K.L.:
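Quick one: the structure is below, and I'll ask about it shortly.
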Amino acid sequence: QVQLVESGGGLVQAGASLRLSCAASGRAFSSYAMGWFRQAPGKEREFVAGINWTGGSVNYADSVKGRFTISRDNAKNTVYLQMNNLKLEDTAAYYCAARPYNGVALTTERYRYWGQGTQVSVSS
């Protein structure tokens, strides 16, 4: 079993930055590919960013390319999502997810473990 806990969300103005963190339990964190998803009210949960086992490969949704950066620190069992130039449409609950494979997946079904989410609200 893997426990994931997100933090770092908040209410910010458009153009601001936030860094989300996802702390994972266990010492096998490096054996999991990690992803960030988000879900706005009334919308489907969508893929935002993913990072593979080693951190050598990343994937981003087109809507966040150039603005968001995913990274991981396996020594700290933590994955991050640096969000710059936040836009109104970024408002959502952000979820951290893990899958026991090296490669990133783009759909929710392929992730086994999920955090409870952290809210990001962008105003203008």
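This structure is a prediction, so every number in the text was calculated from the model and none was measured.
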K.L.:
So which atom in Ile51 and which in Val58 form the shortest heavy-atom distance, rounded to 0.1 Å?
P.N.:
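So the two residues come closest at CG1-CG1, 3.9 Å.
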K.L.:
I want to check something: taking the side chain as every heavy atom from C-beta on, are Thr69 and Leu81 in contact at a cut-off of under 4.5 Å?
P.N.:
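SC-SC contact between Thr69 and Leu81 ruled out.
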K.L.:
What is the distance from atom CG of Asn74 to atom CE of Met34, rounded to the nearest 0.5 Å?
P.N.:
9.5 Å
K.L.:
Could you state the interatomic distance from OG (Ser63) to CD (Glu46), rounded to the nearest 0.5 Å?
P.N.:
5.5 Å
K.L.:
Are Tyr80 and Val120 linked, directly or through intermediate hydrophobic residues, by side-chain heavy-atom contacts shorter than 4.5 Å (ILVMFWY only)?
P.N.:
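No; Tyr80 is not reachable from Val120 via cluster members.
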K.L.:
Less than 3.5 Å apart, which donor and acceptor atoms pair up between the side chains of residues 92-99 and the rest of the protein, not counting sequence neighbours?
P.N.:
{"unit_1": "Tyr94", "atom_1": "OH", "unit_2": "Arg38", "atom_2": "NH1", "d": "2.9"}
{"unit_1": "Tyr94", "atom_1": "OH", "unit_2": "Asp90", "atom_2": "O", "d": "2.7"}
{"unit_1": "Arg99", "atom_1": "NE", "unit_2": "Arg110", "atom_2": "O", "d": "3.0"}
{"unit_1": "Arg99", "atom_1": "NH1", "unit_2": "Gly103", "atom_2": "O", "d": "2.4"}

K.L.:
With rounding to the nearest 0.5 angstrom, report the CG to CG distance, Asn52 to Asn102.
P.N.:
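Reported value, rounded in 0.5 Å steps: 5.0 Å.
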K.L.:
Are the side chain of Ser121 and the backbone N or O of Thr91 linked by a donor-acceptor pair below 3.5 Å?
P.N.:
no
K.L.:
From Arg72 CZ over to Thr54 OG1, what is the distance, rounded to the nearest 0.5 angstrom?
P.N.:
8.0 Å
K.L.:
Just so I know, are the side chains of Ile70 and Tyr60 near enough to count as touching, which here means a heavy-atom distance under 4.5 Å?
P.N.:
yes
K.L.:
What's the shortest heavy-atom distance between Glu6 and Gly117, and which atoms?
P.N.:
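The pair with the smallest heavy-atom distance is OE1-N, 2.8 Å.
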K.L.:
Find out if a path of hydrophobic residues (ILVMFWY) with successive side-chain heavy-atom gaps under 4.5 Å connects Met83 to Phe47.
P.N.:
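Met83 and Phe47: separate clusters.
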K.L.:
Just to verify, what does Lys43 make a salt bridge (charged side-chain N to carboxylate O under 4.0 Å, His left out) with, not counting sequence neighbours?
P.N.:
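Lys43 satisfies salt bridge (charged side-chain N to carboxylate O under 4.0 Å, His left out) with no other residue.
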K.L.:
Quick one: side chains of residues 10-20, donor-acceptor pairs under 3.5 Å with protein atoms, not counting sequence neighbours, listed by atom name and distance.
P.N.:
{"unit_1": "Ser17", "atom_1": "OG", "unit_2": "Asn84", "atom_2": "OD1", "d": "2.9"}

K.L.:
Rounded to the nearest 0.5 Å, what separation is found between the CD atom of Gln116 and the OG atom of Ser7?
P.N.:
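If we round to the nearest 0.5 Å, Gln116:CD and Ser7:OG are 13.5 Å apart.
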K.L.:
Under a 4.5 Å cut-off applied to non-hydrogen side-chain atoms, are Thr108 and Trp114 in contact?
P.N.:
yes
K.L.:
Would you compute the distance between atom CZ of Phe68 and atom CG of Leu86 and round it to the nearest 0.5 angstrom?
P.N.:
5.0 Å
K.L.:
Is the shortest heavy-atom distance from the side chain of Val104 to the side chain of Tyr111 under 4.5 Å?
P.N.:
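Yes; the side chains approach each other to less than 4.5 Å.
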K.L.:
For atom OH of Tyr101, decide whether the heavy atoms of other residues, nucleotides or ligands shown that lie under 6.0 angstrom number more than 12.
P.N.:
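It does not: Tyr101 OH has 12 such atoms or fewer within range.
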K.L.:
At their closest point, which heavy atom of Phe37 faces which heavy atom of Leu106, and how far apart are they?
P.N.:
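Distance-wise, the nearest heavy atoms are CE2-O, 3.9 Å.
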K.L.:
Take atom CD in Gln3; do more than 12 heavy atoms of anything else shown fall under 6.0 Å from it?
P.N.:
no
